[in-house]
Protein chains: 4
Amino acid sequence: MDNKPGAVHDVKAQVSDEALVTRRRGQIIASAVELFSHQGFYRTTIQDVARKAGVSAGLIYQYVSDKEDVLLLALLSVLESYKHEIPAALEGLSDPLERFQAAIRAYCRVVDQRREATVLAYRSTKSLPDDRRRLIKDCEIETNGMIAACLADCIRAGLMRDVNVELVTYQLVTFAHSWALKHWRLKELCGLEQYVAEGLDFFAHALLTPKGWRQWKRMAESTTG
Amino acid sequence: MDNKPGAVHDVKAQVSDEALVTRRRGQIIASAVELFSHQGFYRTTIQDVARKAGVSAGLIYQYVSDKEDVLLLALLSVLESYKHEIPAALEGLSDPLERFQAAIRAYCRVVDQRREATVLAYRSTKSLPDDRRRLIKDCEIETNGMIAACLADCIRAGLMRDVNVELVTYQLVTFAHSWALKHWRLKELCGLEQYVAEGLDFFAHALLTPKGWRQWKRMAESTTG
Amino acid sequence: MDNKPGAVHDVKAQVSDEALVTRRRGQIIASAVELFSHQGFYRTTIQDVARKAGVSAGLIYQYVSDKEDVLLLALLSVLESYKHEIPAALEGLSDPLERFQAAIRAYCRVVDQRREATVLAYRSTKSLPDDRRRLIKDCEIETNGMIAACLADCIRAGLMRDVNVELVTYQLVTFAHSWALKHWRLKELCGLEQYVAEGLDFFAHALLTPKGWRQWKRMAESTTG
Amino acid sequence: MDNKPGAVHDVKAQVSDEALVTRRRGQIIASAVELFSHQGFYRTTIQDVARKAGVSAGLIYQYVSDKEDVLLLALLSVLESYKHEIPAALEGLSDPLERFQAAIRAYCRVVDQRREATVLAYRSTKSLPDDRRRLIKDCEIETNGMIAACLADCIRAGLMRDVNVELVTYQLVTFAHSWALKHWRLKELCGLEQYVAEGLDFFAHALLTPKGWRQWKRMAESTTG
DNA sequence: CATGAATGAGGATTCATTCAT
DNA sequence: GATGAATGAATCCTCATTCAT
C-alpha cells in the first residue's frame with residue numbers, strides 16, 4: 001500500500017487531495033529519476049524536473065518541501081520497485097532452491113530494467129541528510145531481508161551450507177547491483193541472461209551441499225530438457 | 001613512478017617547478033579526498049579545500065584548471081593506491097593460491113584504509129565529463145587486471161575451475177568494494193578480518209578444484225597451527 | 001516596430017510574456033547605458049545595473065544571457081535612436097538641400113542628447129565578440145545610408161559636386177559624433193547650435209555647386225529674415 | 001627628449017638606473033600596446049604583457065605602479081608618435097599650403113601605421129582616472145596645435161577662408177583618426193592614398209580662397225606633371 | 001634587479017525557493 | 001491548485017599585486 005509512486009513516507013505535501021498528491025508526485029518522480037540518473041542530482045535543476053514533468057517549478061514545492069525531498073522520493077521509488085518485484089517472482093513457488101533462483105533472477109531483472117536508477121541510488125544516497133538517508137537504508141535492509149529469507153530457507157532445508165546469512169546476502173545483492181554499476185564493461189562481456197546464469201552457477205558452487213547439488217542439477221535438467 | 005600523489009596525468013599546472021607541483025597537489029588532493037568523501041563533491045567548495053589544505057583558493061587554480069580537475073586528481077589518487085598496494089602484497093609470493101589470497105586480502109585492506117575515498121569513487125566518477133572519466137575507468141581496468149591475473153594463474157595451475165575470469169574478477173573486486181560501500185551495516189556484523197576470512201571461504205568453495213582444495217586446507221593449517 | 005527599447009535582436013529571454021520582456025529590458029538597458037557611459041563596461045558590475053534598475057541581479061539573467069548581451073542591447077538602443085530620429089526630422093521635407101541640412105542637424109541633436117551613450121558606442125563596440133559586433137556595424141551602416149541618401153539626392157539634383165558619397169558620408173557622420181567624442185574640448189569653444197552652423201557652412205563650401213550655393217543662400221535668408 | 005619610449009611623465013619607477021628604466025619601459029609598452037590594441041585593456045592581463053615582453057610579472061611593477069600606469073604609458077607612446085611625425089614631415093617646407101598638405105598626409109600616415117593603437121586611444125582613454133586622463137588630453141591638444149598652426153598660416157597668407165581654426169582643426173584631425181576608427185569599412189572603399197587625396201580635395205573646396213585655389217592647382221600640376 | 005609563487009578580493013552567473021496573481 | 005517571475009545567497013574562477021628568494 002505504500003508502493004504507489006508518490007507514497008507519503010514522511011514527506012509532507014501542502015495539497016490535501018490525496019489522489020492528486022499521488023498523481024502529481026508520480027509525474028514529478030518519474031521525471032526526477034530520469035534526469036537525476038542521467039545528469040546527476042546536482043546538475044539537475046528543479047526547473048529541469050518541472051519542465052520534463054510538464055508542470056511549473058512552483059508546483060513541485062506544493063508536493064515536496066525540498067529539492068532533497070525529490071531525491072528521497074526518487075530513490076524510494078527505485079528501492080520500492082525492488083521490494084515489489086521479488087515477492088512477485090516468488091509467487092506460487094515453494095521449493096527453497098527454486099525460490100532462491102527466482103529471487104536472484106528477479107533482482108537482476110529489475111536492476112537491468114532500472115539500470116540508471118540503480119546507479120543513481122549508489123551515487124546519491126549520500127547526498128541526503130542523515131535522517132532521510134535512514135529511510136533509504138531501512139528500505140534496502142527490507143529488500144535484503146527477502147533475499148536473506150530465501151537463503152535461510154535453503155540452509156534450513158539442508159540444501160546449502162551453514163554460511164553467515166547476512167554476509168552472503170550482501171554478495172548476492174551486490175552481484176545484482178554490479179550489473180548496473182559495471183554495465184559499461186559487463187555489457188561487452190555478456191548479456192543479462194548469461195550474467196545471471198554464470199552468477200547462479202558461481203553461487204551454487206559456493207553454497208550448495210551435496211544434497212543441494214543433486215536437486216540443483218535435477219532442476220537444471222528439467223529446465224533444459 | 002607516476003604514483004606520486006600529484007602525478008601529472010594530463011592535468012596541466014601553471015607552475016613549472018615540478019617538485020613544488022607534486023607537493024602542492026599532494027596537499028590539495030589530500031584535503032579534497034577528505035572533504036569530498038564526507039560532504040560530497042558538490043557540497044564541498046574550493047574554499048573548503050583551500051582552507052583545509054592551508055592555502056589560498058587562488059593557489060589551487062595554479063595547479064589545476066577546474067574544480068572537476070581536483071575531483072579527477074582525487075579519484076586517481078585513490079585508484080592508484082589500489083594499483084600500488086596489490087603488487088606490493090604479492091611481492092615474493094610465487095604460489096598461485098597464496099598470491100590469490102594475498103591479492104584479495106591486500107585489496108580489502110586498502111579499501112578499509114581508504115573507505116571513505118572508495119565510496120567517493122563510486123559516487124563521483126559520474127560527475128566527471130566523459131573524457132576525464134575515461135582515465136578513471138582505465139585505471140580501474142588496470143587494477144582488475146592484477147586480480148584477474150591471479151585468478152587465471154590458479155586456473156592454469158588446475159587449482160580452480162575454469163570460470164569466466166573477468167566475470168569472477170568483478171565478483172572479487174566488488175566484494176572488496178562492498179566493505180566500504182556497505183560498511184554502515186557490515187561493521188555491525190563483523191570486523192575486516194572476519195569479513196575477508198568469510199569471503200575467502202566463500203570464494204574457495206565457489207572456485208577451487210579438488211586439487212585446489214587440498215592445497216588450500218594445507219595452507220590454512222600451516223597458518224593456524 | 002523593432003525600435004522599442006528591449007526589442008529582441010537575437011537576444012533570447014527566458015520569460016515568455018513579451019510585454020514584460022520589453023518593459024524589463026527597457027529598465028535594464030536604461031540603467032546600463034547610464035552606468036556603462038560613466039564608468040565603462042568593465043568597471044560596471046551587473047549588481048550596479050540591477051541596483052540602478054531597481055531589480056535583483058538574478059532577474060537580469062532572465063532577460064539576457066550574458067553581461068555582454070547587456071552591452072549589445074545598450075549599444076543597439078543608442079544606434080536605434082539614431083535610426084529613429086533622422087527619418088523623423090526629414091518627415092515632410094522634400095527639397096534635397098533642406099533634407100540634407102535637417103538630417104545633419106537631427107543627427108547632431110541626437111548625439112547631443114545621448115552624448116555619453118555615443119561615447120560608449122565608440123569605446124565599447126570592440127568589447128563585443130565578432131558576431132555580436134556585426135549587429136552593431138549593420139546598424140551603423142543603415143544609419144549612414146540615410147545620410148548618404150540625402151547626399152546622393154543633392155548630387156543628383158545638381159546641387160552638390162559629384163563626390164564619393166560614402167567617403168563624404170563618413171565625414172558628415174564623424175562630424176556629428178565628434179560633438180560627443182571631443183565634447184570635453186568643444187563645449188569650451190561653442191554651443192551645439194554654433195557647432196552645427198559652422199559645420200554646415202564648412203560642408204556647404206566643400207560640396208555645393210554654384211546652383212546649390214544660390215539655393216543655400218536663399219534658404220539661409222528665408223530662415224534668418 | 002620625452003619622446004623616448006618609456007619617458008617618465010610622472011610615472012614613478014622603483015629602479016634608479018635611468019637607461020634601464022627607459023629600456024624596460026620600452027619593452028613593456030610595446031607589448032602592452034600590441035595586446036591592448038587587439039584584446040582591449042581589460043581583457044589583457046599583466047601576465048599577458050609580461051609574457052609577451054619576455055619578463056616576469058613582478059618586474060613590471062618595478063617600472064610602473066599600476067596596471068593603469070601601463071595603459072597611460074601605452075597611450076602616451078601612441079600620441080607621442082603623432083607629435084613626432086608631423087614636425088618631421090614639415091621639415092624643410094615653408095610654403096603654408098605645402099605644409100598644410102604635408103601635415104595632413106603625415107598625420108594620416110602615422111594613423112595608418114598605428115591603426116590599432118589609434119583605436120586603442122579612443123577606446124581606452126576613459127578607462128584612466130581623471131588626473132591621468134589629463135595628461136592624454138594635453139598631449140592631444142599639443143598635436144592639434146601643430147595642425148592648427150598650419151591652418152592658421154594658410155589663413156594668414158590669404159590662402160584659406162577665415163574659419164574657426166580650432167573647430168576646423170577637429171575636422172582635420174577627425175578625418176585622420178577615422179581612417180583607423182572606420183577602417184573596417186573604409187578599407188573596402190579605397191586605399192590610404194586615395195583616402196588622403198579625396199580628403200584633401202574636400203578640405204580644399206571647403207577652405208581655399210580663390211588665391212589659395214590657384215596655388216593649390218599649380219601644386220597639383222607640378223606634382224602630377 | 002629579477003623572479004614567479006602566493007594571495008584574496010571581486011564579480012559573473014546559477015538556481016532553490018517564494019509569492020503575488 | 002497552479003503559475004512563473006522575482007529574489008539573492010552561494011560559489012567558481014580570475015587577476016592585480018606583493019614579497020620572499
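Labels below follow one simple rule: chain letters A, B, ... track the order of the sequence lines, proteins then strands, and each chain is numbered from 1.
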Verify the contact: side-chain N or O of D/R24 to OP1 or OP2 of E/dA2, cut-off strictly under 4.0 Å; return yes or no.
yes

Rounding to a whole Å, what distance do you find between C/L71:CG and E/dG11:P?
17 Å

Just the rounded figure in Å: distance from P of E/dT3 to CD of B/Q14.
18 Å

What is the separation between atom CD on B/Q39 and atom C1' on F/dA10, rounded to the nearest whole Å?
15 Å

Sequence neighbours excluded, which residues qualify as salt bridge (Lys or Arg N to Asp or Glu O under 4.0 Å) partners of D/K67?
none

Sequence neighbours excluded, which residues qualify as ring-ring contact (aromatic ring centres under 6.0 Å, His included) partners of A/Y63?
none

Sequence-distant partners of D/D131, salt bridge (Lys or Arg N to Asp or Glu O under 4.0 Å), two or more places apart:
none

For E/dG4, take OP1 and OP2 only and decide whether either is under 4.0 Å from a side-chain N or O of D/S56.
no

Determine whether the side chains of B/D48 and B/T44 contain a donor N or O and an acceptor N or O closer than 3.5 Å.
no

What residues, two or more places apart in sequence or in another chain, satisfy side-chain hydrogen bond (donor to acceptor under 3.5 Å, both in side chains) together with B/S127?
A/R123

Show me the dot-bracket string of DNA chain E, counting Watson-Crick or G-U pairs under 3.5 Å, with | for pairs to another strand and [ ] for crossing ones.
.||||||||||||||||||||

Using side-chain hydrogen bond (donor to acceptor under 3.5 Å, both in side chains) as the criterion, list what pairs up with A/E34, not counting sequence neighbours.
none

Nucleotide by nucleotide, nucleotides 12-21 of chain E touches protein heavy atoms under 4.0 Å in the pattern (B base, S sugar-phosphate only, - none) SBBSSBB---

B/R43 meets the side-chain hydrogen bond (donor to acceptor under 3.5 Å, both in side chains) criterion, sequence neighbours left out, with A/Y42, A/E68

Using side-chain hydrogen bond (donor to acceptor under 3.5 Å, both in side chains) as the criterion, list what pairs up with B/D66, not counting sequence neighbours.
B/R132

Between E/dA2, E/dA6, F/dA6, which nucleotide has the shortest distance from any of its atoms to the side chain of B/L20?
E/dA6

